Student: 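One structure coming up, written as structure tokens, with questions to follow.
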Amino acid sequence: MRILALDYGSKTVGLAITDALGYTVLPYSTLWREREGKLRKTVQEICDIVLREDVEEVVLGLPLNMDGSRGERAEKAAVFYDLLKKKLTCPVVFFDERLSTIEAREILDENGVPRAKQKEVLDQVAAQVILEDYLRTKKE
């Protein structure tokens with residue numbers, strides 16, 4: 001069962017995906033937008049990936065505030081979630097992504113990726129962190 005994770009940002013969406021058995025998580029790609037509100041093309045690209053990769057579930061990171069409340073970023077992610085739900089036939093679930101980008105940056109730093117190169121893959125690695133956490137909670 002392949003699962004696709006999304007780290008939604010103002011101008012990017014980082015993607016990570018499991019292998020066909022749903023065990024191994026790998027960074028997949030980063031989708032870039034010119035402006036924050038340009039979502040149709042991004043949603044279509046995700047739909048294409050879901051079909052091409054035979055994805056059975058999509059996990060969208062929910063950027064909650066540290067106290068668990070929803071702020072502006074979470075509300076924007078909710079709009080994106082609604083668009084995905086309308087277009088995809090597979091389940092789309094929210095998953096708490098607090099600190100995923102910080103953890104992703106630490107992973108990249110630990111692996112010696114120069115800061116100048118990190119922007120290219122940071123969102124993918126954040127999506128990877130989200131998906132690994134999601135899979136871990138499903139096993140519990």
Side-chain angles (χ1 to χ4, degrees):
M1 172 177 175
R2 292 195 95 169
I3 302 172
L4 180 70
L6 310 173
D7 178 42
Y8 177 77
S10 59
K11 290 191 177 179
T12 62
V13 179
L15 286 75
I17 195 166
T18 63
D19 63 357
L21 297 175
Y23 294 122
T24 305
V25 178
L26 299 168
Y28 187 81
S29 69
T30 301
L31 304 178
W32 298 82
R33 294 187 309 282
E34 289 178 29
R35 290 195 328 258
E36 188 169 0
K38 294 228 171 210
L39 297 177
R40 280 194 201 119
K41 182 180 175 195
T42 302
V43 169
Q44 186 56 55
E45 288 178 277
I46 292 168
C47 290
D48 294 344
I49 291 166
V50 166
L51 287 173
R52 183 174 57 248
E53 299 294 344
D54 206 20
V55 170
E56 295 179 39
E57 184 176 20
V58 174
V59 177
L60 175 60
L62 178 60
L64 297 172
N65 293 323
M66 290 309 293
D67 65 2
S69 65
R70 284 187 179 202
E72 181 181 346
R73 287 188 57 229
E75 294 307 319
K76 289 179 179 181
V79 169
F80 188 63
Y81 172 86
D82 290 340
L83 290 171
L84 289 171
K85 290 280 287 184
K86 288 178 187 173
K87 292 285 187 178
L88 294 171
T89 57
C90 67
V92 180
V93 298
F94 262 141
F95 187 75
D96 183 354
E97 69 148 292
R98 280 179 276 188
L99 302 178
S100 63
T101 301
I102 292 169
E103 187 175 341
R105 190 169 301 282
E106 289 173 358
I107 290 167
L108 293 170
D109 285 343
E110 288 171 8
N111 285 287
V113 178
R115 286 280 172 141
K117 298 269 187 191
Q118 287 186 10
K119 185 58 186 159
E120 297 171 23
V121 295
L122 181 64
D123 298 313
Q124 295 172 44
V125 176
Q128 180 179 3
V129 168
I130 292 165
L131 189 48
E132 288 170 348
D133 289 347
Y134 175 74
L135 292 173
R136 197 170 13 261
T137 60
K138 280 183 75 164
K139 290 178 184 175
E140 294 173 357

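Values below: every heavy atom of this structure, side chains too, minus hydrogens, waters and symmetry copies. Since we're looking at a predicted model, the values are computed, not measured.
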Student: Hey, could you give me the CG/CG distance between L39 and L31, rounded to the nearest 0.5 Å?
Tutor: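 Reported to 0.5 Å precision, the distance equals 11.5 Å.
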
Student: What's the shortest heavy-atom distance between G9 and R33, and which atoms?
Tutor: O-NH2, 2.7 Å

Student: For residues Y28 and V129: do they belong to one hydrophobic cluster (side chain heavy atoms under 4.5 Å, members Ile, Leu, Val, Met, Phe, Trp, Tyr)?
Tutor: no

Student: Starting at CG of L64, measure out to CZ of R73 and round the result to the nearest 0.5 Å.
Tutor: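 Interatomic distance, L64 CG to R73 CZ, rounded to 0.5 Å: 10.0 Å.
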
Student: Give the cluster check for L60 versus Y134: same hydrophobic cluster or not, with ILVMFWY residues linked at side-chain heavy-atom distances below 4.5 Å.
Tutor: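 No; Y134 is not reachable from L60 via cluster members.
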
Student: Would you indicate whether the side-chain heavy atoms of V125 and E103 approach each other to under 4.5 Å?
Tutor: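 When only atoms from C-beta onward are counted, V125 and E103 do not touch, as no gap falls below 4.5 Å.
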
Student: Taking all atoms of both residues into account, what is the closest heavy-atom pair of G14 and A127, and its distance?
Tutor: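 Heavy atoms of G14 and A127 come nearest at O-CB, 3.4 Å.
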
Student: Set out, in order, the CA-CA distance, both residues' side-chain angles and the distance that settles side chain to side chain contact (heavy atoms under 4.5 Å, CB included) for T30 and V121, then state yes or no.
Tutor: CA-CA 7 Å; T30 301; V121 295; over 6 Å; no

Student: Say you draw a straight line from CG of L131 to CZ of R136; how long is it, rounded to the nearest 0.5 Å?
Tutor: 10.5 Å

Student: At their closest point, which heavy atom of V113 faces which heavy atom of Q118, and how far apart are they?
Tutor: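 Residues V113 and Q118, closest heavy atoms: O-NE2, 2.9 Å.
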
Student: Check for me, please, whether L51 and L88 land in the same ILVMFWY cluster - side-chain distances under 4.5 Å, paths through other members count.
Tutor: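 Hydrophobic grouping puts L51 apart from L88.
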
Student: Would you say the side-chain atoms of T18 pair up with the backbone N or O of I3, donor to acceptor, closer than 3.5 Å?
Tutor: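 Yes; at least one donor-acceptor contact below 3.5 Å.
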
Student: Just by modelled atom types, is the R70 backbone N or O under 3.5 Å from a matching donor or acceptor in the E75 side chain?
Tutor: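 Absent.
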
Student: Should F95 and L83 be regarded as members of a common hydrophobic cluster, given that ILVMFWY residues are connected when their side-chain heavy atoms come within less than 4.5 Å of each other, either directly or indirectly?
Tutor: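 No, F95 and L83 fall in different hydrophobic clusters.
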
Student: How far does CG of D7 sit from OG1 of T12, to the nearest 0.5 angstrom?
Tutor: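 The CG atom of D7 sits 7.0 Å away from the OG1 atom of T12.
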
Student: Any side-chain heavy atom of C90 sitting closer than 4.5 Å to one from V50?
Tutor: yes

Student: Are V93 and V59 side-chain neighbours, meaning at least one heavy-atom pair lies under 4.5 Å?
Tutor: yes

Student: Is the backbone of D67 close enough, under 3.5 Å, to the side chain of N65 for a donor and an acceptor to pair up by distance?
Tutor: no

Student: Check V92 against K85 and note the closest heavy-atom contact, atom names and distance.
Tutor: CB-CD, 3.7 Å

Student: Using every non-hydrogen atom in the two residues, find where K87 and C47 come nearest and quote the distance to one decimal.
Tutor: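 Looks like CB-SG, 3.6 Å.
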
Student: Nearest 0.5 Å please: distance from the CD atom of E120 over to the CH2 atom of W32.
Tutor: 8.0 Å

Student: Within the 4.5 Å heavy-atom criterion, are L6 and L15 side-chain neighbours or not?
Tutor: yes

Student: Quick one: are L4 and E53 in side-chain contact, heavy atoms under 4.5 Å?
Tutor: no

Student: I need the minimum non-hydrogen distance between N111 and I107, along with the two atoms involved.
Tutor: ND2-O, 2.7 Å

Student: Roughly how far, to the nearest 0.5 Å, is the CD1 atom of I49 from the CG atom of D54?
Tutor: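 Rounded to the nearest 0.5 Å, the CG-CD1 separation comes to 14.0 Å.
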
Student: Is there a side-chain contact between F80 and I46 (heavy atoms, below 4.5 Å)?
Tutor: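 Contact flag for F80/I46 side chains = yes.
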
